[in-house]
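Below is one structure, written out as structure tokens; the observations come after it.
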Amino acid sequence: MSETDAHYDVHAVEEKWLPVWERLDAFRADDAAALSGEREKRYALTMFPYPSGDLHMGHAEVFAIHDVLARYWRFRGHDVLNPMGWDSFGLPAENAAIRNDEHPATYTYANIETQFESMRRYGVSFDWSRRLHTSDPEYYRWTQWLFLKFREQGLAYRKNSPVNWCPNDQTVLANEQVLADGTCERCGAEVTKRELTQWYFRTTHYAQELHDCLDDLQDSWIGKVVNAQRNWIGRSEGAHVSFAVEGHDPITVFTTRPDTLWGATFMVVAADAKLAGELVTTEQAQALEDYLVEVRKASDIDRLATDRPKSGVFLGTYAVNPVNGERLPIWASDYVLADYGTGAIMAVPAHDQRDLDFARAMDLPVRRVVDTGDENPEETGVATSGNGTYVSSGPLDGLTDKAEGIHRVIELLEADGTGTGTVNFRLRDWLLSRQRYWGAPIPIIHCAACGEVPVPGDQLPVELPELRGADLKPKGTSPLGGAREWVEVACPSCGGPAERDTDTMDTFVDSSWYFFRYLSPNDATQAFDPALAKAWGPIDLYIGGDEHAVLHLLYARFFTKVLRDLGLIDWDEPFSAYLSQGKVINGGRKMSKSLGNGVNLGEQLEKFGVDAVRLTLVFASPPEDNIDWADVSPSGASKFLQRAWRLAGDVASAAGDDAAAGDTALRKVTHKTIHDAAQLLESYRFNVVVARTMELVNATRKAIDSGCGAADPAVREAAEAVAILLSLVAPYTAEEMWERLGHQPSVAQAAWPTVDPALLVEDSVTAVVQIQGKVRARLEVAPDISEADLEALALADPGVVKAIDGRDVRKVIVRAPKLVNVVIGG
RNA sequence: GCCCCCGUAUCCCAACCGGUCAGAGGAAGCCGCCUUAAAAGCGGCACAGUGUGGGUUCGAGUCCCACCGGGGGCACCA
């Protein structure tokens, strides 16, 4: 090998192949084939980026992983839809526009171009003819159209309610956008509450289905995401029980333990619920008022502490226990939440820790009705909630099974009309309006005479007015309100003076349906073509980050169900499989400016080239694991790529030579590798595919240097297989190899090699003979040896005979052709 | 507190339905060959008994239980 032959120039190779791929247009999805069903379709999707600056390591990882499968599917002859676009509405652009006295579009579209160039160079096999941006009027026209469709169905509505308010971003937030520690998902500021009239999507209408369908996704979605959604939806089974109240309408409570009804000794309503004010007696009104002042002073952070002492106030009113007619005092407390269940509970202190804490603080009675064998809660202060024998519980007495107890009580309550079995959800409706500029305007006109009037379809899109710089400054209400000539319109219904809704939609609305728009991104007549949705949907694999486990993924599932019920699609779930990619970290820590441990993608690409970076990211670990950049070796990846490339140069047989005449040992490695790679790819074990490709490179190198030699056609076969496998991860190197091997571009258009089953069969396998589980002998046997033959052979082996040493053979376990285990008597 | 996931060589990771006294691949390390030398390349060496303790089984990294450690979700949700 000559000196000049030892390396190739990665950047020159990148320059060389990009125009070739574009000319070949090899990654365009074929709608006609999908519609006719002549080829099996595959829809590959990766979460589209927000255009903030250039791409970073995280993008590089997810695109690399994603592209492996998209390319593999194409090799297998599938019709592959692999689109990309930008989630281009959102606050960073708006904030930048305020700082620089610009229009958000300037920043947004400049970044999109930067990211597009980077993606292009990164060599991902996207179908760029379907590129979209959610901030284009042609896109958000249909976001608005969908909003109106939802509203027609009663799934979008406005209500006044306490809402989450981000004081930094100066806008409301959905529950999903407030983190567990009470901070804003986007900016980290501490979220406060405000009472406002806002638009909502009725996600709760689909709570049951969103929950139930998770069972079907259990195996094909990564487990933690399913778990997170299940917890977020928070389904709990129980009963609504109605309690008569002296001098008032009855109140209904939700309980998961109706079987402990006989142990109820008081009632509690949420102090801040309207109900508390209605139930309080005039004598107690002042006490409640004082308590409410107290409660409102407590910050959200205080509320999050679960161990703070219970507080509350007696309302002076009594309810009646429907099962035994007992009088129960009604209290108000902040440990009961106004917006969960009915905002009121029956308190069973013996069997609920919170109720017990309250009872002890307020000196209320505790009555045990389930004897679990534990100490009496009244004395220990520890409530019991397990199975036990019911006592003092009328018809339940003597029963020992909780499920049965619950079931019986519900029957009883239903029989006399005081309660019903029911299911309650933690999930709330999705608050979708935002008081910021750079989003899709809500297409509603408010008219004094007609109320809320939808903007007529032929007037969509409602385009954003031209605002820039200081006009966009957040002031607690939408900046759109400042554009008076935009706001003031004639009512579409009566023609009188009216005003546009000035809020914009949460950008999660835009991203809840973008994968439908990819189907017909240029369709000016509809959001998407239902025929294409039927042909292409659902998405075969979706890849994205864990941070969207209950945000985007839940919203997209909700949208899908609504679109199905609108008759636009015929499938229930958008993402048949979901894989979350880990993060790229550095030195055990998240990359950040303050730590100074950031790794710049552009610099890595400059230094090692696209292929080496992609290979490093795919090879580092299973896709869902984090990658610590300090643990991986892009230079090692470069070396491997050069090694593989040299293989192609060393091949000395001619293209088209019959591999069947080649070295069988190497051919077996090649065919086994291809066979295994397919299985590994199907189960997303991409790092192992790379390892197996490395193995094949090693085997081929050995064959050239000290085996069958470079002229053996088996070497060509192996090198071609390497090129094809490598093209999944390192497309540039693979093209170079393919060309060196004397083929026309592009390797992306090559066929997946056909595996010869005969080459997968071993001539002989090693069978081990164990005595008491310890290996005592190895036998070379035919792979199709029968169990009886193998047993006979094993027992005849001199070593085995010696090891048995005349002891009783109690049992012989035979797993032909690999193993015999002899169990001998003591 | 409830729910989910994960603990394999110095490090990143393999190990199909439980089955060859755990090893495919890589990184770092050490030693050779090549070289005037270095890099690159080639070849080789070494390194754990699978977090801990029980159990099931002829046989456990793999299944079950408990505990420890790490990560994540939910959480005064009735």
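Numbers restart at 1 for each chain; the letters A, B, ... are given by sequence-line order, proteins then strands. The figures here come from the full heavy-atom set of this structure, side chains too, leaving out hydrogens, waters and symmetry mates.
Checked against B:rU20, B:rC74, B:rA40, the side chain of A:N231 finds its nearest nucleotide in B:rC74. In the set B:rC76, B:rG73, B:rC21, the nucleotide with an atom closest to the side chain of A:R778 is B:rC21. Of all nucleotides listed (B:rA78, B:rU20, B:rC76), B:rU20 comes nearest to the side chain of A:V775. With B:rG73, B:rG25, B:rA78 as the candidates, the nucleotide lying closest to the side chain of A:N698 is B:rG25. Side-chain proximity of A:R426 to the nucleotides B:rG72, B:rC58, B:rA75 is greatest for B:rA75. With distances taken from any side-chain atom of A:K702 to the nucleotides B:rC76, B:rA40, B:rG44, the minimum falls on B:rG44. Counting only heavy atoms from C-beta on, A:N227 has its side chain closest to B:rC3 among B:rA78, B:rC42, B:rC3.
Counting any heavy atom pair closer than 4.0 Å across all strands shown, A:V226 reaches no nucleic acid atom. Residue contacts shown for A:R428 include a base, since a base heavy atom lies under 4.0 Å away. If you check every strand for non-hydrogen atoms under 4.0 Å, A:D631 touches sugar and phosphate atoms only. Counting any heavy atom pair closer than 4.0 Å across all strands shown, A:S236 reaches sugar-phosphate atoms only and no base atom. Base contact: A:A691 has a heavy atom under 4.0 Å from a base atom.
For A:E294, the CD atom sits in a loose shell: 12 or fewer heavy atoms of surrounding residues, nucleotides or ligands are nearer than 6.0 Å.
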Contacts under 3.5 Å, N or O only, protein and nucleotides 13-19 of chain B:
from: B:rC13; atom 1: O3'; to: A:N687; atom 2: ND2; distance (Å): 3.2
from: B:rA14; atom 1: OP1; to: A:N687; atom 2: ND2; distance (Å): 3.2
from: B:rA15; atom 1: OP1; to: A:R685; atom 2: NH2; distance (Å): 2.4
from: B:rC16; atom 1: N4; to: A:K818; atom 2: NZ; distance (Å): 3.2
from: B:rG19; atom 1: O6; to: A:R815; atom 2: NE; distance (Å): 3.3
from: B:rG19; atom 1: O6; to: A:R815; atom 2: NH2; distance (Å): 3.4
from: B:rG19; atom 1: N2; to: A:Q770; atom 2: OE1; distance (Å): 3.3
from: B:rG19; atom 1: N2; to: A:N821; atom 2: ND2; distance (Å): 3.3

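Using a 4.0 Å cut-off, some side-chain N or O of A:Y340 falls inside it from OP1 or OP2 of B:rA78. Between A:S635 and B:rA27 there is no side-chain polar atom (N or O) within less than 4.0 angstrom of OP1 or OP2. Within the structure, a side-chain polar atom (N or O) of A:K811 is placed less than 4.0 Å from OP1 or OP2 of B:rC58.
Below 30°, between 30° and 60°, or above 60°: for A:W645 and A:Y8 the angle between ring planes is between 30° and 60°, a tilted geometry. Under the 30°/60° scheme for interplanar angles, the aromatic rings of A:W221 and A:Y578 are found to be tilted.
Within the structure, side chain to side chain donor-acceptor pair (under 3.5 Å) contacts touching residues 616-626 of chain A (residues at least two apart or in different chains) do not occur.
Shown here, B:rC17 is classed syn by the O4'-C1'-N9-C4 or O4'-C1'-N1-C2 angle, which is within 90° of 0.
Between the CG atom of A:L554 and the C1' atom of B:rC74 there is a distance of 14 Å, rounded to whole Å. For A:K310 and B:rA78, the NZ to P distance is 14 Å, given to the nearest whole Å. Distance, A:E762 CD to B:rU20 P: 16 Å, rounded to whole Å.
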Original post:
Between A:E237 and A:T256, is a side-chain hydrogen bond (donor to acceptor under 3.5 Å, both in side chains) present by the stated rule, with each step listed?
Top reply: CA-CA 6 Å; A:E237 283 181 18; A:T256 55; over 6 Å; no
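For A:F640 and A:F619, the distance between ring centers is not under 6.0 angstrom.
In this structure, the side chains of A:V68 and A:Y684 stay at 4.5 Å or more apart for every pair of heavy atoms.
Salt-bridge check for A:D546 with A:K224: passed, with a basic side-chain N closer than 4.0 Å to an acidic carboxylate O.
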